[in-house]
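Reading through the structure tokens given below for one structure.
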Protein chains: 2
Amino acid sequence: MATLGELERSVMDLLWDSADALTAGAIRDGLAHGNAAGAGKDLAVTTVLTVLSRLEAKDFVNRDRDTRPHLFRASTSRAAHMAELMHEVLGAAPDREAVLARFVGQVSPSEVAALRRMLDGK
Amino acid sequence: MATLGELERSVMDLLWDSADALTAGAIRDGLAHGNAAGAGKDLAVTTVLTVLSRLEAKDFVNRDRDTRPHLFRASTSRAAHMAELMHEVLGAAPDREAVLARFVGQVSPSEVAALRRMLDGK
DNA sequence: GAATAGTTCTACACGATGTAGAAGACGGAA
DNA sequence: TTCCGTCTTCTACATCGTGTAGAACTATTC
């Protein structure tokens, strides 16, 4: 999977945090007066559209071309994306269990508990 | 942490797979007639040295300048590196537990068992 | 049909990476 | 002690991904 740049990531965050699809303009505004990370950027709408096109090419967003301001939505949830990234890292290692061991060793106690619950639920 | 390119990664793999430190020449040969991934590349030694220097700058390798052909060794184990990468991904998510849940949901059964053991050992 | 709002094309700068020659430094052989 | 071969450092360039946006084109609406 392709990695995301800073700006691409900010755009994805906006989409992920938004329940419904967004227009390029809305995303532009989100980046400008946004509350989340990567805010404060005052970009041209074309810039945002370029980024969105690239994200679309990478299958990170779906674009609805039937509405006039096109609508963009994330094609995957953030959690799914992140989990996939983690699996990708893990998959690139020959010594998977060793990696898992290290990984678990650094998880916070509360998350350890959460992990236990998750494992039990399987 | 900086991400590694293709070639950089191949070099790291050689270092990770080697018990002891390697010279630039050895790495060059490893890349050429190597068994592992990224093999078949017939590069100039200077190329390898450039890559090694960059890896050194990124603190991925340590260089021993006291021996004549300098010796290079990975500064971290692969498992540690991979685990850190995974934590990095996880840390970039606001909904950490959701990500963990997804992640665990896709781990193979044998690894689930391993995870249980690891958690119990804490 | 003209103004307006939105989209696509094209373009450029910049940094990371892959790649290596030329030039410099160093250690051993003569 | 000088020279030679080996190894390292410097410098350089191409390419690719990303950030950034103007110019030109298209569709909508009055």
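Side chains included, hydrogens not; waters and symmetry mates left out as well; all remaining heavy atoms used. First the proteins, then the strands, lettered A, B, ... as listed; each starts at 1. Nothing here was measured: the structure is a model prediction, and the numbers come from that model.
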Quiz item: Considering heavy-atom distances to DNA chain D, does B:Ala24 or A:Leu7 have its closest nucleotide positioned more toward the 5' end?
Solution: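 Its nucleotide being nearer the 5' end, the pick is B:Ala24.
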Quiz item: With sequence neighbours excluded, what pairs up with A:Asp59 under the side-chain contact (heavy atoms from CB on, under 4.5 Å) test?
Solution: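 Partners of A:Asp59 under the side-chain contact (heavy atoms from CB on, under 4.5 Å) test: none.
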Self-check item: For B:Asp95, all residues meeting side-chain contact (heavy atoms from CB on, under 4.5 Å), sequence neighbours excluded
Solution: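 B:Asp95 satisfies side-chain contact (heavy atoms from CB on, under 4.5 Å) with A:Arg78, A:Ala79, B:Ala93, B:Ala98, B:Val99 only.
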Quickly work out the [X] [atom1] to [N] [atom2] distance and round it to whole Å.
| X | N | atom1 | atom2 | value |
| --- | --- | --- | --- | --- |
| B:Leu55 | C:dG18 | CG | P | 9 Å |
| B:Leu43 | C:dT17 | CG | P | 16 Å |
| A:Leu52 | C:dT7 | CG | C1' | 12 Å |

Cut-off 3.5 Å, no hydrogens considered: what does the side-chain donor-acceptor table look like for residues 18-25 of chain A, sequence neighbours left out?
residue, atom, partner, partner atom, Å
A:Ser18, OG, A:Asp20, N, 3.3
A:Ser18, OG, A:Asp20, O, 2.4
A:Thr23, OG1, A:Gly25, N, 3.4
A:Thr23, OG1, A:Ala26, N, 3.0

Exercise. Not counting sequence neighbours, which residues clear side chain to side chain donor-acceptor pair (under 3.5 Å) with B:Arg9? List them please.
Key: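 In terms of side chain to side chain donor-acceptor pair (under 3.5 Å), with neighbours along the sequence ignored, B:Arg9 is linked to B:Asp13.
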Quiz item: Can you name the side chain to side chain donor-acceptor pair (under 3.5 Å) partners of B:Glu84, sequence neighbours left out?
Solution: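 Here no residue qualifies.
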Quiz item: Which pairs, with at least one residue in residues 45-73 of chain B and sequence neighbours excluded, count as a ring pair (Phe, Tyr, Trp, His ring centres under 6.0 Å)?
Solution: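 Qualifying pairs, neighbours excluded: B:Phe60-B:His81.
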Self-check item: Residue pairs passing the salt bridge (charged side-chain N to carboxylate O under 4.0 Å, His left out) test where at least one lies in residues 60-70 of chain A, sequence neighbours excluded
Solution: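 The answer is A:Glu56-A:Arg63, A:Glu56-A:Arg65.
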Quiz item: Mapping B:Thr3 and B:Thr47 to their closest nucleotides on DNA chain C, which lands nearer the 5' end?
Solution: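 Here B:Thr3 is the residue nearer the 5' end.
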Quiz item: Is A:Arg102 reaching over with its side chain to a backbone N or O of B:Met82, donor-acceptor style, under 3.5 angstrom?
Solution: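 Such a contact is absent between A:Arg102 side chain and B:Met82 backbone.
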Practice problem: Would you classify A:Leu49 as touching base, sugar-phosphate or nothing, given that sugar-phosphate means primed atoms plus P, OP1 and OP2, and contacts are heavy atoms under 4.0 Å? | Solution: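 The residue A:Leu49 makes base contact.
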Quiz item: Checking all strands, does A:Thr50 fall into the base, sugar-phosphate, or nothing category for heavy-atom contacts under 4.0 angstrom?
Solution: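 Base contact.
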Practice problem: Identify, residue by residue, the members of residues 56-72 of chain B with a heavy atom below 4.0 Å from DNA chain D, and return them in order of residue number, or none. | Solution: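 Within residues 56-72 of chain B, the residues near DNA chain D are B:Arg63, B:Arg65, B:Arg68, B:Pro69, B:His70.
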Self-check item: Start and end of chain A contact along DNA chain D [non-hydrogen atoms, under 4.0 Å]
Solution: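 Contacts span D:dT18 to D:dA27, reading 5' to 3'.
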